[in-house]
Each structure stands twice: as C-alpha cells, then as structure tokens.
Amino acid sequence: MSADGPDNAAQMASPSYRLAALDEEFLLGDSMRGVRFLMEYAKAEEALRAWGVRSTIVVFGSARIGEDGAGEHGRWYAEARAFGRLASERGGALHGPDGQPRDNVIATGGGPGIMGAANRGAADIGAPSIGFNITLPHEQEPNPWSTPDLTFRFHYFAMRKMHLAMRANALVVFPGGFGTFDELFEILTLRQTDKAPRIPIVLFDEAYWRSVIDFDVLVRHGMIHADDLDLFRFAGDAEGVWAALLAGGLKPDCDIE
C-alpha cells in the first residue's frame, strides 16, 4: 500500500486497461474480425491512392514456372515479362501522382513464377507494379520486382480478391493451376453476372487452356450460354495479348471515365 492508498499495479497490468488500438490480443480476437477486414481494405487503398493508381491490369499464372523452365515454361515466363513491360510502357503506369493518374498498372498475386515475370517486366522500364500477396501455411514471400510501397500482404482471400478486381481494367491469365483458375473464374463469374464492368479477359496459350478446360462441353450441357464464351479471348504472345485487350475495349494511356 502506498501513502495515498492501495497499490494499483493490478489495474495498470490488466488487459482491459490497454489502449484498444495497441491491444494485439483484442485486435486478433473473433469480435474484431470485421475491423481487421476493414483494415486490410484501408491499408492497401491508402497506399494505392498515394501512388495515384487509378486502374490496373491483373496478371495471373503459375508460381511454379521459372525463367529457365523446360519446354513451354520458359516461353511463358518470357512472354509474361514482355507483356508486363509493354503494358506498363503503353498503358499509362509511368504517369505520376503529380500529373495524370496511373492507369493500367500491372497487378499480380505478388508471388514468383508468372506473377514475378509480369512485375519484372514493369520494373525493366522503371514502372511501378503491385503485388497482392496472401499469408499461407507455407509462407509465400513477395517477388523482388513489385514496387516495395505497393507490395501488400493479406490474411483474407476475400479482401485480396476485392483489391485485385476493384481497379482492374483487364485480366490476363497465363497457364496455371488451382490458384490461377480461382482468379479466372472469380472474374468470369463477376462478368457473366454483370457484377463487374465489361473488362477484357485474355487467356494466354489457347492450346493449354483448351487442353485443361473443355469450354464447349459446358455449353453443350447447358451449364453456360454459348455467348459466355465471348467473355474471353486467346493470345499467343505479348503483342497478341495487348492487341486482344485493345480489341476488347482497353483504353491505353489516356483518361478513363
């Protein structure tokens, strides 16, 4: 007991006395899940606005494809890098926040492989690019080519997908597996249901995609309408991807209403 009365050490040490914003145990509890969701939205949003990013071109593909990959893998990597470079050069990513907003900035899932190649292509010409990483049980590290200030890490897949979709002017999908399919069908579903703007979607390497998905079978069984096949196009090289995006309505290096 102090001269002024009982000691208040127990009160000072109690978790309830911590400032809420500094109480990690409280912030990571179930009741704060909605707040954490909001924080993941706001943190990325603030950084993107600071960099003047108005719109993006989302590039997805396998994390397992390397620059020196055998067979088609090396070509896929090279074309993803070439596309990241030309899209950044022609699309408006080199504008700055003190001038016109940045448009058609390359955005990927942040990992290695095809995603790293697209970020690398942007870096080749000094353009910013975005990496929307996700926390996984087997930790994914960001590739070294996304812009550090625009390299994010999410806990919630849903918020990561929201950020990938909400600024997208286009989606370019290189060969990949489950994660790539997930992003492709997420955007296709949003387009099919008119829950997203009419953005162009381009699948790279038609032979690959037709070998792993028989789109015509979906039509034949009535699972999708024949017109749904018009939601996407195919291309076989970086220039072909860019041409397909333009044909699909992409506006390069200009104000977008």
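Along the sequence shown, the residues carry numbers beginning at 1. Keep in mind that this is a model prediction, so the values were computed, not measured.
Residues F83 and F174 place their aromatic rings such that the two centres sit no closer than 6.0 Å.
Distance alone, capped at 3.5 Å, is enough to place a donor-acceptor pair between the E40 side chain and the H155 backbone. A donor-acceptor pair under 3.5 Å is absent between the side-chain atoms of R153 and the main chain of E141, judged by distance alone. Between the side chain of N133 and the backbone N or O of F152, at least one donor-acceptor pair lies under 3.5 Å. Of the possible donor and acceptor atoms, none in the side chain of R85 sits under 3.5 Å from a partner among the backbone N and O of I125. The backbone N or O of V105 lies less than 3.5 Å from no partner atom in the side chain of R167, so there is not a single donor-acceptor pair. When atom types are taken as modelled, the side chain of T56 and the backbone of V58 share no donor-acceptor pair closer than 3.5 angstrom. The backbone N or O of S129 lies less than 3.5 Å from no partner atom in the side chain of S146, so there is not a single donor-acceptor pair. H225 places a side-chain N or O within donor-acceptor distance of the main-chain N or O of D227, the cut-off being under 3.5 Å. With hydrogens and angles ignored, the 3.5 Å screen pairs a side-chain donor or acceptor of R102 with a backbone N or O of H95. Here the side chain of S88 pairs a donor or acceptor atom with the backbone of G84 at under 3.5 angstrom.
Here the CG-CE distance, from D7 to M12, works out to 10.0 Å after rounding to the nearest 0.5 Å. One distance of note links CG of L188 with CD1 of I224; it measures 9.0 Å at 0.5 Å rounding. Within the model, atoms CZ of R18 and CD of E25 stand 5.5 Å from one another, a figure rounded to the nearest 0.5 Å.
Residues E239 and R90 are paired through a salt bridge, judged by an N-O separation under 4.0 Å between the basic side chain and the carboxylate. The residues K161 and D182 are annotated as salt-bridged, a charged nitrogen and a carboxylate oxygen being separated by less than 4.0 angstrom. Here E45 pairs with R49 in a salt bridge; the nearest charged N to carboxylate O distance falls below 4.0 Å.
Taking the side chain as every heavy atom from C-beta outward, I130 and H163 never approach each other to under 4.5 Å. The closest side-chain heavy-atom distance from F26 to V35 is not below 4.5 Å. For the pair W145/T108, no side-chain contact is recorded, criterion being any heavy-atom separation below 4.5 Å from C-beta on.
In the displayed structure, Y17 atom OH is contacted under 6.0 Å by at most 12 heavy atoms of other residues, nucleotides or ligands. Within a 6.0 Å sphere centred on CZ of R64, heavy atoms belonging to other residues, nucleotides or ligands number 12 at most.
Here the shortest heavy-atom pairing between A63 and M115 reads CB-CE, 4.0 Å. Scanning both residues, G61 and T180, for their nearest heavy atoms gives C-OG1, 3.3 Å. For the pair L245 and P200, the tightest heavy-atom approach, listed with the atom from each and the gap, is O-CG, 3.8 Å. For I114 against P175, the heavy-atom pair with the smallest separation is CG1-O, 4.5 Å. The two residues N104 and P252 have their closest heavy-atom pair at ND2-CA, 4.0 Å. Taking each heavy atom of L150 and P128 in turn, the nearest pair found is CD1-CB, 4.1 Å.
Screening N143, T151, T147, D124 for a side-chain hydrogen bond (donor to acceptor under 3.5 Å, both in side chains) with N119, the sole residue that qualifies is N143. F232 pairs in a side-chain contact (heavy atoms from CB on, under 4.5 Å) with only one of the listed residues (L171, L184, V202, I201), which is I201.
Ring planes of W76 and Y208: perpendicular class, angle over 60° (limits at 30 and 60°).
Residues L229 and M223 are members of one and the same hydrophobic cluster, defined by side-chain heavy-atom contacts under 4.5 angstrom among Ile, Leu, Val, Met, Phe, Trp and Tyr.
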